[in-house]
Amino acid sequence: MADHCDGPGPRTDPDVSDPPGAPTEPFAECVLCRRPTEYPESHEGVTLCPVCAWQEAQRMSCSG
């Protein structure tokens, strides 16, 4: 009998696949907090997670 904390095993359904346009490589880390971003690792330039991007936009809009 499985322990109640054990989750289901890995999905083995052959009909389930990634949606078209899904990234095929790992996500880049945020340069400020190191959380995953929406960008692949091959993305050039500064990569920010959504939270840090929003905070940076707030700082820029208030710096006049």
- Would you confirm whether T37, through its side chain, and A28, through its main-chain N or O, come within 3.5 Å as a donor-acceptor pair? yes
- Closest non-hydrogen atoms of Y39 and L48, given as atom of the first, atom of the second and distance, are CE1-O, 4.2 Å
Would you indicate whether the side-chain heavy atoms of [Y] and [X] approach each other to under 4.5 Å?
{"X": "R59", "Y": "E56", "answer": "yes"}
{"X": "C49", "Y": "C33", "answer": "yes"}
{"X": "V51", "Y": "R35", "answer": "yes"}

- Identify whether L32 and V46 are in the same connected component of the hydrophobic contact network (ILVMFWY, side-chain heavy atoms under 4.5 Å). yes
- Task: Applying salt bridge (Lys or Arg N to Asp or Glu O under 4.0 Å), name anything that partners E41, two or more places apart in sequence or on another chain.
- Result: none
- Query: Under the side chain to side chain contact (heavy atoms under 4.5 Å, CB included) test, which residues partner E29, sequence neighbours left out?
  - Reply: R34
- Query: From H43 NE2 over to E25 CD, what is the distance, rounded to the nearest 0.5 angstrom?
  - Reply: 11.5 Å
